[in-house]
Trainee: 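My questions will all concern the structure given below.
Counting starts at 1 for both ligands and their atoms, following the listed order. No experiment lies behind these values; they were computed from the predicted model shown. In what follows, residues are counted from 1 in the order of the sequence shown.
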Amino acid sequence: MCPGSYDPVTVGHVDVVERAAALFDEVVVAILHNPAKAGTFTVDERMAYVRAALAHVPNVRVEAFGGRLIVDVCRELDVHVLVKGLRGGTDFAYELPMALMNRHLTGLETLFLPGDPRFEHVSSSLVREVARYGGDVTGLVADDVRDALRARLGG
Ligand code: PNS
């Protein structure tokens, strides 16, 4: 499973999911959202953008889960490994406690892939911020996501 908020999906996410799909028979991209928090895109929009971005990878499916622990979702789906990309030390510091907590809860393991250096500066939050203030995010997200960000956030 490749879990995340995917608000919105970026080229960095796509790289990690493609690489996970080369390592495992089947990959679930899980869009986890907090029902009490509105994102920039609705869960349905995020799902549609992720599906479109990964339509070329046959062993990937996309699902969304709200207000649930990831370990419970993984148990239900019989998933045993989370795969996450690490852009650097800051990501590791953020991810390590979650990986340890998930292993503590049910033994669910996390596998970290080194992020492709070409995408080290790419995150959903930075893409949103750049788009909000009128910067060009072409090449960091799909063109339809870029256009939707412009329409939604201004810029
Ligand atoms: O893309 P993000 O926002 O960095 O992804 C974080 C996410 C959604 C993977 C994480 O917040 C998560 O697993 N949320 C589900 C709720 C949960 O299980 N929380 C405890 C994790 S130890």
Trainee: Could you tell me which atoms of ligand 1, counted from 1 in the order shown, lie closer than 4.0 angstrom to a heavy atom of Met101?
Mentor: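 Answer for ligand 1: 22 (S).
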Trainee: Is there a polar contact between ligand 1 and Asn102, counting only N or O atoms under 3.5 Å apart?
Mentor: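 No, since none of the N or O atoms of Asn102 sits under 3.5 Å from an N or O of ligand 1.
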Trainee: With a sphere of 6.0 Å drawn around CZ of Arg61, does it hold more than 12 non-hydrogen atoms of other residues, nucleotides or ligands?
Mentor: yes
Trainee: Do His13 and Asp15 have side-chain N/O donor and acceptor atoms under 3.5 Å apart?
Mentor: no
Trainee: Can you check atom 9 (C) of ligand 1: any protein non-hydrogen atom closer than 4.0 Å?
Mentor: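 Yes, there is one.
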Trainee: Under a 3.5 Å distance rule, please check whether Ser124 uses its side chain to pair with a backbone N or O of Pro8 as donor and acceptor.
Mentor: yes
Trainee: Give me the residue, atom name and distance of the protein heavy atom closest to atom 6 (C) of ligand 1.
Mentor: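 Protein heavy atom at minimum distance: Tyr94 OH, 3.8 Å.
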Trainee: Please report which non-hydrogen protein atom sits nearest to atom 5 (O) of ligand 1, along with the residue it belongs to and the distance in Å to one decimal place.
Mentor: Gly4 CA, 3.5 Å
Trainee: If I compare all heavy atoms of Thr40 with all of Arg128, which pair ends up nearest, and what's the gap?
Mentor: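 Of all heavy-atom pairs spanning Thr40 and Arg128, the closest is OG1-CD, 3.0 Å.
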Trainee: Considering all heavy atoms of both residues, which atom of Met1 and which atom of Cys74 are nearest to each other, and what is their separation?
Mentor: SD-SG, 3.6 Å
Trainee: Around atom 12 (C) of ligand 1, find the nearest protein heavy atom and jot down its residue, atom name and distance.
Mentor: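 For atom 12 (C) of ligand 1, the nearest protein heavy atom is Leu32 CD1, 4.4 Å.
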Trainee: Nearest to atom 17 (C) of ligand 1, what protein heavy atom do you find, and at what distance?
Mentor: Leu69 CD2, 3.6 Å
Trainee: Within a reach of under 6.0 Å around NE2 of His56, are more than 12 heavy atoms found that belong to other residues, nucleotides or ligands?
Mentor: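 Counting neighbours around NE2 of His56, more than 12 heavy atoms of other residues, nucleotides or ligands fall under 6.0 Å, so yes.
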Trainee: When you measure from atom 16 (C) of ligand 1 to every protein heavy atom, which one gives the shortest distance, and what is it?
Mentor: Arg68 O, 3.5 Å
Trainee: Would you say the side chain of Ile31 lies within less than 4.5 Å of the side chain of Phe41, judging by non-hydrogen atoms?
Mentor: no
Trainee: Please report whether ligand 1 has a polar contact with Ile70, defined as an N or O pair separated by less than 3.5 Å (distance criterion only).
Mentor: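 Yes, there is a polar N/O contact under 3.5 Å.
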Trainee: Identify the closest protein heavy atom to atom 11 (O) of ligand 1: which residue and atom is it, and at what distance?
Mentor: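 Minimum-distance protein heavy atom for atom 11 (O) of ligand 1 reads Met98 SD, 4.3 Å.
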Trainee: Can you report which non-hydrogen protein atom sits closest to atom 3 (O) of ligand 1, along with the distance?
Mentor: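 It is Ser5 OG, 2.5 Å.
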Trainee: With no hydrogens and no angle check, just 3.5 Å: does a side-chain donor-acceptor pair link Thr138 and Asp136?
Mentor: yes
Trainee: What I want to find out is whether Asp72 reaches Arg68 closely enough, with some N-O distance under 4.0 Å, to be called a salt bridge.
Mentor: no
Trainee: Does an N or O from Tyr6, backbone or side chain, lie closer than 3.5 Å to an N or O of ligand 1?
Mentor: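 For ligand 1, there is no N or O atom that lies under 3.5 Å from one belonging to Tyr6.
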Trainee: Taking heavy atoms and a distance under 4.0 Å, where does Lys84 meet ligand 1: side chain, backbone, both or neither?
Mentor: side chain
